[in-house]
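The structure appears below as structure tokens.
Counting starts at 1 for both ligands and their atoms, in listed order. Values below: every heavy atom of this structure, side chains too, minus hydrogens, waters and symmetry copies.
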Amino acid sequence: MSKFDANFLKKDFPIFDNNKDLVYLDSAATTQKPKQMIKAIVDFYEKYNSNVHRSIHELGESSTCFYEQAREKIAKFFNAEPEEIIFTKGTTESINFVADAWAKKNVLKGDSIVTTQVEHHANFLPWMRIAKRNEAKLKYLEIDTNNYSVKDPDNSFWDSGVKLVAVSGNSNVLGDIWQKGQLEKIIDKASSIGAKVLLDASQLAPCKKIDVKKLKVDFMALSAHKMLGPTGIGVLYIKKSLHNKVEPYQVGGSMVQAASFHDVVWKNSPYKFEAGTPPIAQAIGFGAAIDYLNNINFDDFSDHTTNLCNILLDGLQKISGIKIWGNVDKIRKDGHLVCFSLKDVHAHDISGFLGNENISVRSGHHCAQPLATVLRINSSVRVSFYLYNTPKDVQIFLEKLDKTIKFFRN
Ligand code: PMP
């Protein structure tokens, strides 16, 4: 049993007061929000709403100060420097940012981008587009469908044409897809051949503490809304040594040191990369979410979600005809989500039926259609946990799933 008190934490989430019977098992899509985070956003609008980095009146100074404090908190959380933290709309924008502002000029004809077969469309389509536009290649690290882990490729895979390795820390369908130490080895390999590494941390950062310096990534993308923060904001981490090699993604106000009719000098990072009025309230909200997460012991949190996964798997594995997508042994040791399907009941029927019982789970291809073709499924049900979920949630889910299956099988 874990030491984690999810029932206590749950009281911080007003959605569960407003919807008493809600069983929310869709946190990999977006997490619920604690009142502390909501209050930070309300306070901003009610007490010091103003634009940032412009006006020197008191409100302007306050909002700039809170906005930059949020950046500092986020930087500290990931062991980065504040100027390495760029605010974006979220993971999708962060990855498109790197594709457009770095890869367009650095991944050229005949070069290649390495990714995996499990990627979310957000960490695959921007690379496919760049590869097509620049006549570069897209190479995939394959997934072993026996153990749902990334296969080690031959040495010849890592030729000098590889310019970028863009991979997920955690899959939104399979959970952990890396063999022990494999991600670190791939990062070392990439660096030894001069390739840059982008980590899609949108599913990893909410559950595991990431130290960008230890992990040695060049770019990292994540979304605040998957880790208690608001929608509309995420982070692109760009390693300091690359700041001069990355172009501004957008140009406009706020990011200019000096401009004439013919020329322009950008400010330094992060401002060079944040054109226009940024998502101020959202950044402050994300900072408050980070404050909340700073009070969480991530080892206990991990034990907690793993415990929930074990209760869930014990129940699921009793159901005839069920197929679990993902490495069950790994999920039982350290998991936070489980995907499954039944041959005779469609995933959308299951999630729709459960939705009527006030249980939120996700069904579909989870924006990873290429992976679905590798696994030969078109749809699965995903149950994902966060720090407010309790064993009772899992029990209710299993009871209602049983009812759902009986309904469709009769
Ligand atoms: N990558 C992964 C692994 C994801 O799970 C998601 C969100 N489902 C994304 C990228 C895209 O995140 P967002 O929609 O917040 O940009």
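Tested against Arg71 for a salt bridge (Lys or Arg N to Asp or Glu O under 4.0 Å), the candidates Glu84, Glu274, Glu83 yield a single pass: Glu274.
Other residues, nucleotides and ligands contribute more than 12 heavy atoms inside 6.0 Å of the NZ atom of Lys213.
Looking only at atom types and distance, the side chain of Ser351 has a donor-acceptor partner in the side chain of Ser363 under 3.5 Å away. If you check the side chains of Thr30 and Lys226, you find no donor sitting under 3.5 Å from an acceptor. Using modelled atom types and a 3.5 Å distance limit, the side chains of Asn327 and Asp176 yield no donor-acceptor pair.
Salt bridge present: Arg409 and Asp344 bring a charged side-chain N and a carboxylate O closer than 4.0 Å.
For ligand 1, the 4.0 Å heavy-atom shell takes in Thr91, Thr92, His120, Ala122, Asn172, Asp200, Ser202, Gln203, Ser223, His225, Lys226, ordered by chain and residue number.
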